[in-house]
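Throughout, protein chains are lettered first and strands after them, A, B, ... in sequence-line order, and every chain is numbered starting at 1.
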Number of protein chains: 2
Amino acid sequence: MRALANDPAARALEDDAAVLTLETETLVITQDALVSGIHVREDEDPADIAWKLVTVNLSDLAAKGAEPVGVLISHMLGQGDERFVEGLGEVLRAYDVPLLGGDTVGSGGERRSWTCTALGRATHTPVPDRRGAHEGDTIYVTGTLGLAMLGIDEDERNTESEADLAYRRPRPLLAEGRALAPLVSAMMDVSDGLLLDCQRMARASGTSFHLDSRSFPVADPARADACARWGDDYQLLFTAPPATAIPVTATRIGLVKGRNDAPLWIDGKRPEDERLGYQHR
Amino acid sequence: MRALANDPAARALEDDAAVLTLETETLVITQDALVSGIHVREDEDPADIAWKLVTVNLSDLAAKGAEPVGVLISHMLGQGDERFVEGLGEVLRAYDVPLLGGDTVGSGGERRSWTCTALGRATHTPVPDRRGAHEGDTIYVTGTLGLAMLGIDEDERNTESEADLAYRRPRPLLAEGRALAPLVSAMMDVSDGLLLDCQRMARASGTSFHLDSRSFPVADPARADACARWGDDYQLLFTAPPATAIPVTATRIGLVKGRNDAPLWIDGKRPEDERLGYQHR
């Protein structure tokens, strides 16, 4: 499909969102789908599915420094629809986002999927791109990595602990994204694991990322490596010139260097294994 | 979900699309999904699915007089993906629409679905609404009804006949919609059958529609009734004040009257049966 996306607004499908420049406005548009059994557990509370469906898209807007103007939802009808609508109402109120439209379709009772399109208004142009990292920039990540992974444990489930909420009710970092947008050279949200997303940003920017694993802000030091490979945290990964004052809480995790024979280096070595994070098919 | 869609841009989820007013632009946004076995045949050529997925959304833009600015596609991976991308390329080139983004997800090999979001720029404001029909207006429909229904016959399949193309390769009436937008009081596309969509427009407008069935522009007079109840033709249904000069080929099919005890009257009678067209679940 990449070959078809030759309009500059599509950002070659390499960024988290499309950026559409109109006369006086710049729109940021993103669309992500969740599939039952792949992105959410088969027995997930539909209210949590609705929350996640909207927030994964709002997180893409956050990474572009955009302010949400509305969402459209395609919902496959089935069991738990009332709970889905409850969760949808909760997330829309929490982020003050209008539901603009969408579609409800039958599912035939099999594997269900949900799609959300989120539209936002850029608060800063140029809109941060994941292709903008430069040699010499510092690499940062917000928050803590791996909380959502800890929340997936059966013992944590529905306890409303920090980890449970990180998994079931992720929070898109909209305010942080807006504060960072004018300052960063590149930004994206960490949806598929820090290492994998660092590799993607390095590749998209034509650079190499050199990370110091001891600096990773992990939720569980005993499982540090897993925390750096697990997705679902929706933290912001960004790069900025070294002298930049960073207005949000973020951890310095490495340095951007020029393109060389690998996009990703951890503690001076290339990662040996191939599975750096969650690879969508 | 309707209760959640309280922003005016959502048009109470009663219209074909959301209408978002920005500083100097008015955007029209629509999202429709196709599900295998429900909206498309299980053995449909994926290139035809891609064509239809995009054109059903462009048809909603046409009904709002909007000019497409881009689409986002969520595609469930599976058999025939190369054909899907071929068809997608064909339809995007045919209507000069950029692919802005989207998502590809695994399907687990079961029933597949596809979602498209189309964005357009309004060419006329106020943007035509299906809620705008007034007592005294004339009701019109463009083109011929039932061609797509005839195209579903096995004998027609892949013959490239008019009926086969109407079914497999519907054409969104973008130029017609733009020409009509400044003149109509209400407009929508006929996606679920003329009678059902007339009933919806009458209800949404708080009026009653009085149709003359002998005037319906049907593809097959021997199956006139079925032609008026079958969807997939994507013609434009619109109302306009009686003296309006209509700049496109369209047939006058009835008259708008005030609200009374039924929204739809055919040849002076209420339709007896409940199945007026294709009812989505």
**OP:** Please check if the side chain of B/Asp81 supplies one atom and the backbone of B/Gly78 the other of a donor-acceptor pair under 3.5 Å.
**Re:** yes
Subject >> Backbone of A/Ala9 reached by a side-chain donor or acceptor of A/Asp7 within 3.5 Å >> reply: yes
Subject >> Contacts of residues 15-34 of chain A with chain B (heavy atom under 4.5 Å) >> reply: A/Ala18, A/Leu20, A/Leu22, A/Glu23, A/Thr24, A/Glu25, A/Leu27, A/Ile29, A/Thr30, A/Gln31, A/Asp32, A/Ala33
**OP:** Could you check if a side-chain atom of A/Val184 sits within less than 4.5 angstrom of a side-chain atom of A/Met187, using non-hydrogen atoms only?
**Re:** yes
**OP:** Ignoring hydrogens and angles, tell me if any N or O in the side chain of B/Asp233 forms a donor-acceptor pair with the backbone of B/Ala148 under 3.5 Å.
**Re:** yes
Subject >> A/Tyr234 vs A/Val56 side-chain heavy atoms within contact, under 4.5 Å >> reply: yes
Subject >> Contact residues of residues 121-133 of chain A (partner chain B; heavy-atom separation under 4.5 angstrom) >> reply: A/Arg121
**OP:** Counting only heavy atoms closer than 4.5 Å, note whether A/Leu13 contacts chain B via side chain, backbone, both or neither.
**Re:** side chain
Subject >> Straight-line distance of B/Leu195 CG to B/Arg200 CZ, nearest 0.5 Å >> reply: 11.5 Å
Original post:
Taking A/Lys64 for the side chain and A/Gly120 for the main chain, is one N or O donor matched with an acceptor at less than 3.5 Å?
Top reply: no
Subject >> Value rounded to 0.5 Å, distance of CZ in A/Arg178 from CG in A/Leu180 >> reply: 11.5 Å
Original post:
What residues of residues 46-55 of chain B sit under 4.5 Å from chain A when only non-hydrogen atoms are counted?
Top reply: none
Original post:
Is it true that the side chains of A/His75 and A/Asp103 contain a donor and an acceptor less than 3.5 Å apart?
Top reply: no
**OP:** Working to the nearest 0.5 Å, report the span between OG of B/Ser185 and CE of B/Met201.
**Re:** 8.0 Å
Original post:
Does the A/Glu44 side chain pair with the main chain of A/Arg41, one donor and one acceptor, at a distance under 3.5 Å?
Top reply: yes
**OP:** Write out, in numerical order, the residues from residues 66-74 of chain A with a heavy atom short of 4.5 Å from a heavy atom in chain B.
**Re:** A/Val69, A/Leu72, A/Ile73, A/Ser74
**OP:** State the CG-OH distance between A/Leu58 and A/Tyr95, to the nearest 0.5 angstrom.
**Re:** 8.0 Å
Subject >> Verdict with reasoning, A/Met149 to A/Asp232, per side-chain contact (heavy atoms from CB on, under 4.5 Å) >> reply: CA-CA 8 Å; A/Met149 176 188 81; A/Asp232 291 336; over 6 Å; no
Original post:
For the atom pair CE (A/Met76) and OG (A/Ser36), what is the distance rounded to the nearest 0.5 Å?
Top reply: 10.5 Å
Subject >> Donor-acceptor pair, side chain of B/Arg112 and main chain of B/Gln79, under 3.5 angstrom >> reply: yes
Original post:
If only atom types and distance count, is the side chain of B/Asp197 paired as donor or acceptor with the main-chain N or O of B/Ser191 below 3.5 Å?
Top reply: yes
Original post:
Would A/Leu236 and A/Met188 count as a side-chain contact (heavy atoms from CB on, under 4.5 Å) if you check the C-alpha gap in whole Å, the side-chain angles of each, and the deciding distance to 0.1 Å?
Top reply: CA-CA 6 Å; A/Leu236 296 175; A/Met188 67 188 286; over 6 Å; no
